[in-house]
There are 2 protein chains.
Amino acid sequence: MQSRTRSTRAGRPRSATADAAILAATRAALVELGWSRLTLGDVATRAGVAKTTLYRRWAGKNELVVDAVAELFDELRLPDHGSLTADIEGVVLQFAAILDRPEARSGLMAVVAESTRDEALRERIRISIVDRQKRLVLEGRARAQSRGELPPEPAPEEAARTADLIFDMVAGAVVHRTLISAEPADEQWVRGFTRILLTGLAAHSPSGGPSLLEELGGI
Amino acid sequence: MQSRTRSTRAGRPRSATADAAILAATRAALVELGWSRLTLGDVATRAGVAKTTLYRRWAGKNELVVDAVAELFDELRLPDHGSLTADIEGVVLQFAAILDRPEARSGLMAVVAESTRDEALRERIRISIVDRQKRLVLEGRARAQSRGELPPEPAPEEAARTADLIFDMVAGAVVHRTLISAEPADEQWVRGFTRILLTGLAAHSPSGGPSLLEELGGI
DNA sequence: CGCTTTCGATACGACCCGTAGCGTAATGGC
DNA sequence: GCCATTACGCTACGGGTCGTATCGAAAGCG
């Protein structure tokens, strides 16, 4: 058995500062060079470590960049601004701020592209990046339900589906806006997005007039 | 002046079939190898063309893959199913079907990642891929307005902003669902998405009960 | 038949990859 | 303090891809 705690086995321990230096160097290289021109040899030089050290800890470029980018999402928090609308706007603006950084822009999409042909990499992305964001949706909904802003969950299975759906709508819209449309997700955009997400497209009338919502009741 | 039509200048014309063969070979290589392992030398061999020919027509891997992937979106059409709900569901399912193909999955995200550091590439993607999709939003809204399902446009500037917003919400949600969440955008998902997009999150009550929408009137 | 441009083929230096080997440094067990 | 064990820095290496240059042959135009 591995009764003796595995982390304290014999031998020289791995340098904790090296990990941080490598990940920081990876982000710096992403900013200057982008994904395709980034080389592991260059990252090792920037971090002040040998190339072999890098290969001992990460299987390759993909895994390294995932970990380097994942740290950017650590600061993501769900604020409590008193209303569902304000909470959504707050977290979306935080997410947009992260995606505004060049190391996130080029790194995130690149590893997602690679993950389409690599199941293990997809898992890694899901655990270290996606799931952290998804938890915010669950927290936000629970908070809104306790405020009475959202109806209580009908069935547990249906609730899970809806949470996934909302997550894809929120994160997808921000990612698409900033990376594909390549325009800023500023406050004006976020307000419009939150409005449509909450009240729907059919009800969207800036002058506040009555909508034609009733025609869409039964689908 | 270049009065004589530029396409018929003297000399041997470029093989039209070579273009098609190269783009098809690029898609085949994307399916088998993905983005990172795809090499231009391999594409040239598959297409039965010299490597130099490939470099004469495309500046590099990025531009080649953009053109190869763009052809996949040519089949995208806005169906007329009689209602806004059905039209959205139809076009979203088409979009999801394209993103289900492996050559689109790995190719599209990869060029988007590269485009974050290349303004010219971003323009190329916008013209040959994004704008074609965005036109469907404008068509769909105009059709829905003529049916009376959506209120008429308030101001031209506001209308353009809303169209861009809806586009990012629709395309972003599908892309995020299929590529990042890595789950299929099937009919059930599309129905739920369209429902929330049209009627809003606050009104989303499967049993049809009244929503708490009125609390969200003024933001 | 000339002129022009493209095509196929080959060759080339440059760069990066991922790994192996080796001597050294740092820790835990005894 | 000594030893086994593991991590580290450094160097070197074969293999692969890149992007370009060069050259003769091929295909249209007038």
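In what follows, chains are A, B, ... by sequence order, proteins preceding strands, each numbered from 1.
- With sequence neighbours left out, the side-chain hydrogen bond (donor to acceptor under 3.5 Å, both in side chains) criterion links B:Thr17 to B:Ser15.
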Protein-nucleotides 1-5 of chain C N/O pairs closer than 3.5 Å?
unit_1: C:dT5; atom_1: O2; unit_2: B:Arg12; atom_2: N; d: 3.1

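- With sequence neighbours excluded, no residue satisfies salt bridge (charged side-chain N to carboxylate O under 4.0 Å, His left out) with B:Arg37.
- Contacts of residues 47-54 of chain B with DNA chain D (heavy atom under 4.0 Å): B:Lys51, B:Thr52.
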Identify each donor-acceptor pair in which a side-chain atom of residues 132-140 of chain B lies under 3.5 Å from a protein atom, sequence neighbours left out, and give them as a table.
unit_1: B:Arg132; atom_1: NE; unit_2: B:Ser128; atom_2: O; d: 3.2
unit_1: B:Arg132; atom_1: NH1; unit_2: B:Asp74; atom_2: OD1; d: 2.1
unit_1: B:Lys134; atom_1: NZ; unit_2: B:Asp164; atom_2: OD1; d: 3.4

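- A:Trp35 is linked by a ring-ring contact (aromatic ring centres under 6.0 Å, His included) to nothing, counting only residues two or more places apart in sequence or in another chain.
- From one end of the helix from C:dC1-D:dG30 to C:dC30-D:dG1 to the other, with five pairs defining each end axis, the axis direction shifts by 30° (rounded to 10°).
- Annotation: side-chain hydrogen bond (donor to acceptor under 3.5 Å, both in side chains) contacts of A:Arg124 (sequence neighbours excluded): A:Asp67.
- Contacts between residues 26-46 of chain B and DNA chain D, defined by a heavy-atom separation under 4.0 Å, are made by B:Thr39, B:Leu40, B:Gly41.
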Hey, can you pull the donor-acceptor pairs under 3.5 Å for the side chains in residues 18-25 of chain A, sequence neighbours left out?
unit_1: A:Asp19; atom_1: OD1; unit_2: A:Arg57; atom_2: NH1; d: 2.3

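- Residues meeting the salt bridge (charged side-chain N to carboxylate O under 4.0 Å, His left out) test with B:Arg122, sequence neighbours left out: B:Glu119.
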Result block: side-chain N/O donor-acceptor pairs under 3.5 angstrom for residues 91-105 of chain A, not counting sequence neighbours:
unit_1: A:Gln94; atom_1: OE1; unit_2: A:Arg77; atom_2: N; d: 3.0
unit_1: A:Gln94; atom_1: NE2; unit_2: A:Arg77; atom_2: O; d: 2.8
unit_1: A:Asp100; atom_1: OD1; unit_2: A:Arg105; atom_2: NH1; d: 3.3
unit_1: A:Arg101; atom_1: NE; unit_2: A:Glu103; atom_2: OE2; d: 3.2
unit_1: A:Arg101; atom_1: NH2; unit_2: A:Glu103; atom_2: OE2; d: 3.2
unit_1: A:Arg105; atom_1: NH1; unit_2: A:Leu99; atom_2: O; d: 3.2
unit_1: A:Arg105; atom_1: NH2; unit_2: A:Thr178; atom_2: O; d: 3.1

